[in-house]
Protein chains: 2
Amino acid sequence: MTGPPDAEQDWLGDYDPRAFPPFGVTVDMVLLTVREDRFSVLMVERDTHPFRGFGALPGGFVQEGEDLDAAAVRRLEQETGIRRDAAYVEQLGAFGDPHRDPRMRVVSVAYLVFAPDLPAPLPAAGARSVSWVPVDDVDGDRLAFDHARVLAAGVERARAKLEYTPLAAAFCDDAFTVGELRKVYEAVWGVPLDPRNFHRKVTGTPGFLVPVGKPAPVGPEGGRPAALYRRGPATLLHPAMLRPVTRPVTREQSQGVSRG
Amino acid sequence: MTGPPDAEQDWLGDYDPRAFPPFGVTVDMVLLTVREDRFSVLMVERDTHPFRGFGALPGGFVQEGEDLDAAAVRRLEQETGIRRDAAYVEQLGAFGDPHRDPRMRVVSVAYLVFAPDLPAPLPAAGARSVSWVPVDDVDGDRLAFDHARVLAAGVERARAKLEYTPLAAAFCDDAFTVGELRKVYEAVWGVPLDPRNFHRKVTGTPGFLVPVGKPAPVGPEGGRPAALYRRGPATLLHPAMLRPVTRPVTREQSQGVSRG
DNA sequence: TCTCCTTATCGTCCGCTCGACGCTAACAGG
DNA sequence: CCTGTTAGCGTCGAGCGGACGATAAGGAGA
């Protein structure tokens, strides 16, 4: 297709600062964990304009010469103290509504992080407080920018990921029991699972769990001591572990822009 | 976590152009179709610096005040003439390696498009040629920027999407036969499928296909005429249609940044 | 010690899905 | 009529998962 009015500025041969508008680029983190059997997200309360007093996802500008993934990992380590090898990090997507930030044109690259239970970190600059909030308790209307959409995308992606990957273990400590892993699934999906079928599934899937020599820890509310496991080498669950609720034939589709 | 040297510039209260580096933001399109039973991608040959003579994905800068999705759809319509409701579009992810474009700092937001078979469009500005290339014939070392990575991500995402969504129909015309739909799966996955089991699966999944009144078209190489269908309202396949190859326990993970 | 409660782990039954594959239906061409 | 092709239906058996019984192994309290 030739020559719509703006086509000349595509793929300019040489850098011409007048040919493209400058954007700010930020990373925002959807940092998820399971705390006290509740699926929770790390939220900050903003102390600066805009959206002062609103909840927000932690994040910040990408620096010059800094890779997007590196910026996300840097933020993760700075704001939570989580080492990058103690959590699972993947990109969630880019959010670039022209009016998502009233100050200027900003594209946010959101990252999804699965972390084991950790104490809430200290507030960073520009934030009044930092805390873990159960995702069901978050009021989307009280979030800054488009963070309600970002959070919703992250939560849905996390729920889907548990179905076909062994990433639930990223919410657990290094060694964990089958029961602890089941509580992760129950918290994230919000449904009870049959302990016996769950046990059969996860222990019967090759590469999901590797038994750790230690025979038995203690139980907080009694019961027979459970065996300890670590994450196995598998990166996919095959076949998947499906959420027990019968989904209707039609459901929201992740990030589809146009007709499905 | 308090006070690393750069923390002060996070979430500035007011616009301060010195506080963040300016980025160019582009959209790149991984435009996929099935042509002559081959899974193909729309590639342009660059005619301008940098990467003159290299293959590239179609794309261009996002304009001021333009939403990312809107920029992608605009590119789609401009470069291919595809109307947005004739194809499936979803965001693939952001690619922001600091050196991906030698001219300047650019973050590319990649989009994945499933389109029915169409004639190759005319070259746009800055491109020497535009053509559909079977994805297996693309030489990743001859692609501009990081488009080899972008393309690989798009292809893998497309293959996975066919497993758990009915999006294969987005590669077909408005009305199509079960055999045509099967050829889409076979081309995308690169494996033959049993026609009888495939027929049972797709016709037995509620909401996948809706029969169209017209009783029968003609067959190009003979055979019994097939019934025509359109896309149904389903957006998920449940249970999924799994690729017949036995995947090994460990496989590449989409966009994971760190340990799982 | 015995009872009861809790959780862990193993086993059984049954329905559903899928892969493999046989069979018939409905066209075209010679 | 015969053959070749694709479409569509049926059958069988293995495997997986949901429902759920049974046993194991701990702690708390009578």
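Here the structure is a predicted model, which means the values were calculated and not measured. In what follows, every chain begins at residue 1, and chains take the letters A, B, ... in the order their sequences are listed.
The separation between B:Leu242 atom CG and C:dC18 atom P is 8 Å, rounded to whole Å. B:Asp194 places its CG atom 12 Å from the P atom of D:dA7, with the value rounded to the nearest Å. Distance B:His238 NE2 to D:dG17 P: 12 Å, rounded to the nearest Å. When the P atom of D:dA19 is taken as reference, atom CG of A:Leu193 falls 11 Å away, rounded to whole Å. The nearest whole Å value for the distance from the CG atom in B:Leu209 to the C1' atom in D:dG8 is 14 Å. Distance B:Tyr229 OH to D:dA7 P: 11 Å, rounded to the nearest Å.
Contacts between residues 179-188 of chain B and DNA chain C, defined by a heavy-atom separation under 4.0 Å, are absent.
Note on B:Arg75 versus B:Asp28: no salt bridge recorded, every NZ/NE/NH1/NH2 to OD/OE distance being 4.0 Å or above. We find that A:Glu163 and A:Lys201 are not joined by a salt bridge, their nearest charged nitrogen and carboxylate oxygen being 4.0 Å or further apart.
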I'd like to compare against my own output: the B/S/- annotation of nucleotides 11-17 of chain C with a strict under-4.0 Å heavy-atom distance to protein.
BB-----
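The residue among B:Gly222 and B:Met241 whose nearest nucleotide of DNA chain C is located toward the 5' end is B:Met241.
Around CZ of B:Arg83, the count of heavy atoms belonging to other residues, nucleotides or ligands within 6.0 Å does not exceed 12. Annotation: B:Arg159, atom CZ; neighbour count of heavy atoms from other residues, nucleotides and ligands within 6.0 Å is above 12. Annotation: A:Arg149, atom CZ; neighbour count of heavy atoms from other residues, nucleotides and ligands within 6.0 Å does not exceed 12.
Partners of B:Phe198 under the ring pair (Phe, Tyr, Trp, His ring centres under 6.0 Å) rule, at least two apart in sequence or in another chain, are B:Tyr185.
With C:dT7, D:dG26, C:dA26 as the candidates, the nucleotide lying closest to the side chain of A:Arg224 is C:dT7. Counting only heavy atoms from C-beta on, B:Ala226 has its side chain closest to D:dA7 among D:dA7, D:dC9, C:dA8.
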Full working for side-chain contact (heavy atoms from CB on, under 4.5 Å) between A:Leu42 and A:Trp132
CA-CA 4 Å; A:Leu42 191 73; A:Trp132 295 103; 3.7 Å; yes
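A:Val184 has its side chain within reach of A:Cys172: a pair of non-hydrogen atoms, C-beta onward, lies under 4.5 Å apart.
Of the side-chain N and O atoms in B:His199, none sit less than 4.0 angstrom from OP1 or OP2 of D:dA7.
No side-chain donor-acceptor contact under 3.5 Å links A:Thr205 to the backbone of A:Phe208.
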